[in-house]
Enquirer: 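Once you've had a glance at the structure underneath, I'll fire off some questions.
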Amino acid sequence: MRYDLVIFDNDGVLVDSEPISNRLLAAYLTELGHPTTYEDSIRDYMGSAMHRVHDLVQERTGRLLPADFDDVFHGRVFAAFERELKPVAGVVDVLEKLSADGTLYCVASSGSHERIRVGHRTTGLTRWFDDGRIFSSQDVGRGKPAPDLFLHAAERMGVAPGNCVVVEDSPLGVQAAVAAGMDVFGFTAMTPAAKLAAATQLFSTMGELTDLLV
């Protein structure tokens, strides 16, 4: 193994949540008078923390989202997770391989701790991630594309940034990993390869990721 720590993004990398959450985000913003398509949501918000949604809406319209926006949105998302959410195909095999090899790994997500845990519980991934392996943008002052979250995760796991690799599926996440001085493997299952061009390497299936990590 050429890395001492593998840092996974969560949404779209561990759990197949991006189609669900972006569908619901687009619908809710449209409902509130901010017409947004699914494609708009993927382009503007995928991989980002919730503050980016508030910031972009205010910047574009001069209007604030409702004070309970996050709570209402997450309520809808969590209910949909219970019905629909699945782990990303092949990711359990990757986690089993890392665990068998004794390789350190963790998750560093723009999502809240609650969102991470709900997703893991629903998909059966909880067994792979105890509290010491879960890091959220809630833990740092700035979310992706700032490097803070990845640097925080590496520090807490006791590994130098240059010995880490990040597994990401969003341009914002790739940007954050590069800024942190880490290698990053870009997952192109949902994101066009051209948008992840800054990644160290690209892959389209979890089977390919296993080969990249060894």
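In this text, all values refer to a predicted model and were calculated from it rather than measured experimentally. For reference, positions follow the sequence shown, starting with 1.
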Enquirer: Using modelled atom types only, decide if a donor and an acceptor are shared between the side chain of Thr191 and the backbone of Asp169 within a distance under 3.5 Å.
Expert: yes

Enquirer: Does Leu151 form a side chain to side chain contact (heavy atoms under 4.5 Å, CB included) with Glu155? I'd like the steps, not just the answer.
Expert: CA-CA 6 Å; Leu151 293 173; Glu155 180 181 11; over 6 Å; no

Enquirer: Are Phe129 and Tyr105 an aromatic pair, judged by ring center distance below 6.0 Å?
Expert: yes

Enquirer: Kindly check if the number of other-residue, nucleotide or ligand heavy atoms within 6.0 Å of CD (Gln201) is above 12?
Expert: yes

Enquirer: So do Thr210 and Glu96 actually touch side chain to side chain, heavy atoms under 4.5 Å?
Expert: no

Enquirer: Between Arg52 and Asp55, is the salt bridge (Lys or Arg N to Asp or Glu O under 4.0 Å) condition met? List the steps.
Expert: CA-CA 5 Å; Arg52 179 177 171 85; Asp55 292 346; over 6 Å; no

Enquirer: For side chain to side chain contact (heavy atoms under 4.5 Å, CB included), just list the numbers for Leu5 and Asn163, CA-CA rounded to whole Å, side-chain angles, deciding distance to a tenth of an Å, and then say yes or no.
Expert: CA-CA 7 Å; Leu5 174 65; Asn163 296 329; over 6 Å; no

Enquirer: Under a 4.5 Å side-chain heavy-atom rule over Ile, Leu, Val, Met, Phe, Trp and Tyr, are Val178 and Val166 clustered together?
Expert: yes

Enquirer: Within the structure provided, determine whether Val6 and Leu98 are in side-chain contact (heavy-atom separation under 4.5 Å).
Expert: yes

Enquirer: If two hydrophobic side chains count as joined below 4.5 Å and joins carry through other members, does Val91 share a cluster with Leu213?
Expert: yes

Enquirer: Working to the nearest 0.5 angstrom, can you tell me the gap between Arg133 CZ and Met157 CE?
Expert: 5.5 Å

Enquirer: Does either side chain, that of Thr37 or that of Asp40, offer a donor lying less than 3.5 Å from an acceptor on the other one?
Expert: yes

Enquirer: As an exercise, state the distance from CD of Glu208 to CZ of Phe187, rounded to the nearest 0.5 Å.
Expert: 9.0 Å

Enquirer: Report yes if the side chains of Glu82 and Thr122 come closer than 4.5 Å at any heavy-atom pair, otherwise no.
Expert: yes

Enquirer: Starting at CD of Gln58, measure out to CG of Leu64 and round the result to the nearest 0.5 Å.
Expert: 4.5 Å

Enquirer: In Å and rounded to the nearest 0.5 Å, what is the NZ to OG1 distance from Lys195 to Thr188?
Expert: 13.0 Å

Enquirer: Hey, quick one: are Met190 and Leu196 part of the same hydrophobic cluster, counting side-chain heavy atoms closer than 4.5 Å, chains of contacts allowed?
Expert: no

Enquirer: Would a hydrophobic clustering, with Ile, Leu, Val, Met, Phe, Trp and Tyr connected at side-chain separations under 4.5 Å, put Val88 with Leu125?
Expert: yes

Enquirer: Please examine the side chains of Met206 and Val13, heavy atoms only from C-beta on, and report whether any two atoms are closer than 4.5 Å.
Expert: yes

Enquirer: If you take all heavy atoms of Ser136 and Gly111, which pair is closest and at what distance?
Expert: OG-O, 2.7 Å

Enquirer: Tell me, which pairs form a ring-ring contact (aromatic ring centres under 6.0 Å, His included) where one or both residues lie in residues 16-44, sequence neighbours left out?
Expert: Tyr28-Phe69

Enquirer: Quick one, Phe81 and Arg115 - any side-chain contact, counting heavy atoms below 4.5 Å?
Expert: yes

Enquirer: Less than 4.5 Å apart, side chain to side chain, heavy atoms only: is that true for Thr36 and Leu25?
Expert: no

Enquirer: Are Ile116 and Met50 linked, directly or through other ILVMFWY residues, by side chains that come within less than 4.5 angstrom of each other?
Expert: yes

Enquirer: Answer with yes or no whether the side chains of Asp70 and His54 bring together a donor and an acceptor at under 3.5 Å.
Expert: yes

Enquirer: Starting from the C-alpha separation in whole Å, work towards a yes-or-no answer on side chain to side chain contact (heavy atoms under 4.5 Å, CB included) for His113 and Asp139.
Expert: CA-CA 9 Å; His113 278 281; Asp139 303 330; 2.8 Å; yes

Enquirer: Would you find a donor on one side and an acceptor on the other, under 3.5 Å apart, between the side chain of Thr61 and the backbone of Val57?
Expert: yes

Enquirer: Flag yes if more than 12 heavy atoms outside Arg156 fall under 6.0 Å of its CZ atom; otherwise flag no.
Expert: no

Enquirer: Taking all heavy atoms of Thr123 and all of Gly119, pick out the closest pair and write down the distance.
Expert: OG1-O, 2.7 Å

Enquirer: Within this structure, what is the CZ-CG distance for the pair Arg76 and Asp71, rounded to the nearest 0.5 Å?
Expert: 12.0 Å

Enquirer: So which heavy atom on Ser109 is nearest to which on Asp9, and how close?
Expert: CA-OD1, 4.2 Å

Enquirer: Indicate the ring-plane relationship of Phe203 and Phe185, choosing parallel, tilted or perpendicular according to the 30° and 60° boundaries.
Expert: perpendicular

Enquirer: List the steps, then state whether salt bridge (Lys or Arg N to Asp or Glu O under 4.0 Å) holds for Glu114 with Arg121.
Expert: CA-CA 10 Å; Glu114 182 183 16; Arg121 185 184 71 245; over 6 Å; no

Enquirer: Could you pull out the closest heavy-atom pair between Ile20 and Ala80, with the gap in Å?
Expert: CG2-CB, 3.6 Å

Enquirer: Minimum heavy-atom separation for Asp148 and Arg142, please, with both atom names.
Expert: OD1-NH2, 2.9 Å

Enquirer: Pair Val165, Leu212 - check side chain to side chain contact (heavy atoms under 4.5 Å, CB included), show working.
Expert: CA-CA 11 Å; Val165 64; Leu212 289 175; over 6 Å; no

Enquirer: Do you know which two heavy atoms are closest between Ile7 and Ala153, and how far apart they sit?
Expert: CD1-CB, 4.4 Å

Enquirer: Rounded to the nearest 0.5 Å, how far apart are CD of Gln138 and CG of Leu149?
Expert: 11.0 Å

